[in-house]
Amino acid sequence: MALLARVAAAAVAGGDPLIDLGRGNPEVGPPEHVVHALTESAARPDVHGYAPFSGLPALKDAVATRYGEVYGVHLDAARDVAVLPGTKTGLMEFALCAVESGGTIVLPDPGYPDYFSAVALASATHVPFSGFDTKADAMYLNFPSNPTAATVPDGLFEEAVEWAERSQAWVLHDFAYGDLVFDGRRPKSFLAVDGARHVGIELFSMSKTYGMAGWRLGFAVGNAELVRRIELFQDHAFAGILRPIQEAGIAALTGPQDSVEERRATYERRRDRALAALEGIEAQSEGTFFVWFRLPDSVTVDHLLVEHRVAVAPGEGFGARGAGWARLSLAVGDEILDLGLERLLAAFD
Ligand SMILES: Cc1ncc(COP(=O)(O)O)c(C=O)c1O
């Protein structure tokens, strides 16, 4: 929000149009057949009442099939899948359903700011991740990571499962960018690790894989007890999700998947461009649609915005350990990206 206020102030100040590389919203929507499924469904007279509170069984089947085919994880659709109105909701519900107030939750730092909100909402306390010796009631993990764009280090999921078993703690793995991985990597689900489903859940979002961020559709999958608690909470809080959105979700999950690969490849190509342009700057991106880079000494995000009219997300917005770093978005057209990179380079000169 503070960044937004500064963007607004800089925009009002005039000069060259601002280049916004701060965004986290996919720039391309879902494929046409998904939009078509939505409009076809919405035109039917029988879809406007309450949908089943816990989601359409066919939608749960569709995500379970995807988990089997793409991530090598067997899910029992009826028992292991909760349908969410977007995974942000699941981030909050996990903290509320898994941890008593006053509990302790380990968070990635730098990490997605909503994790901090979830901990506050549950009246819990957060501690930054610093290995697997911490005593806590729960842990959030996120790979590929927003904002660091890192994929999961070998063995980390396995260690997390051991930690959770030892500590009798719960784990949430946020898999929002799961399909957006580069350099020949395969998407890695937390649930593919032995024992993971006994200690936690994974959130799978339709927002980034299919460009459906505004549709608000996602899933919590894995531990059946947590899935049950989340569904119980949602029965009372939301009373289901509009049926046409769920039916279009089925079309996205079961229809042609070429758009997923196109999206992934586009971000990888832009990532290559960005890293090449930032040569000499410490910068990284193994997945997501972000590049995480260290700000050269004496350059600040405010300076970039006001003097060079390019917005990037300041690292400290993702936690204390993000200070001195910034996140740039690849979810913009090629021309905007190139212009933004030019301005960054001019600022770093
Ligand atoms: C790391 C991370 N998790 C979760 C979300 C929320 O996604 P959804 O649209 O499914 O609520 C986002 C959205 O930006 C995100 O970056």
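Each ligand, and each atom within it, is numbered from 1 in the order the structure gives. Side chains included, hydrogens not; waters and symmetry mates left out as well; all remaining heavy atoms used.
Ring geometry for Tyr140 versus Phe94: interplanar angle over 60°, hence perpendicular rather than tilted (30 to 60°).
Per-residue contacts place Ser205 under 4.0 angstrom from the following atoms of ligand 1 (heavy atoms of the residue considered): 8 (P), 10 (O). Residue contact check: Arg216 has heavy atoms under 4.0 Å from atoms 8 (P), 9 (O), 11 (O) of ligand 1. Applying the 4.0 Å criterion to heavy atoms of Tyr177 picks out, from ligand 1, the atoms 1 (C), 2 (C), 14 (O), 15 (C), 16 (O). The distance from ligand 1 to the heavy atoms of Ala176 drops below 4.0 Å at these ligand atoms: 2 (C), 3 (N), 4 (C). Close approach to Ser207 involves these atoms of ligand 1, each under 4.0 Å from a residue heavy atom: 8 (P), 9 (O), 10 (O). Against a heavy-atom cut-off of under 4.0 Å, Gly86 is close to the following atoms of ligand 1: 10 (O), 11 (O).
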- How far apart are the C-alpha atoms of Asp334 and Arg270, what are their side-chain angles, what is the distance that settles it, and do they pass the salt bridge (charged side-chain N to carboxylate O under 4.0 Å, His left out) test? CA-CA 7 Å; Asp334 290 339; Arg270 291 190 192 139; 2.8 Å; yes
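For Asp76 and Arg197, the salt-bridge test fails: no basic side-chain N is under 4.0 Å from an acidic carboxylate O. Ion pair Arg166/Asp133 not flagged as a salt bridge, since none of the NZ, NE, NH1 or NH2 atoms sits closer than 4.0 Å to an Asp/Glu carboxylate oxygen.
At the shortest separation from atom 4 (C) of ligand 1 among protein heavy atoms lies Asp174 OD2, 3.4 Å.
When heavy-atom distances to ligand 1 are checked against a 4.0 Å cut-off, Asp114 has no atom that comes that close, whether in backbone or side chain. Residue contacts with ligand 1, taken as heavy atom pairs separated by less than 4.0 Å, involve Thr87 via backbone and side-chain atoms alike.
Judged by distance alone, with hydrogens and angles left aside, the side-chain atoms of Arg44 form no donor-acceptor pair with the main-chain N or O of Asp46 at under 3.5 Å. With hydrogens and angles ignored, the 3.5 Å screen pairs a side-chain donor or acceptor of Asp137 with a backbone N or O of Thr104.
For Phe289 and Tyr177, the ring centers are positioned less than 6.0 Å apart.
Taking each of Lys208, Met206, Lys88 in turn, the one with a heavy atom nearest to atom 14 (O) of ligand 1 proves to be Lys208.
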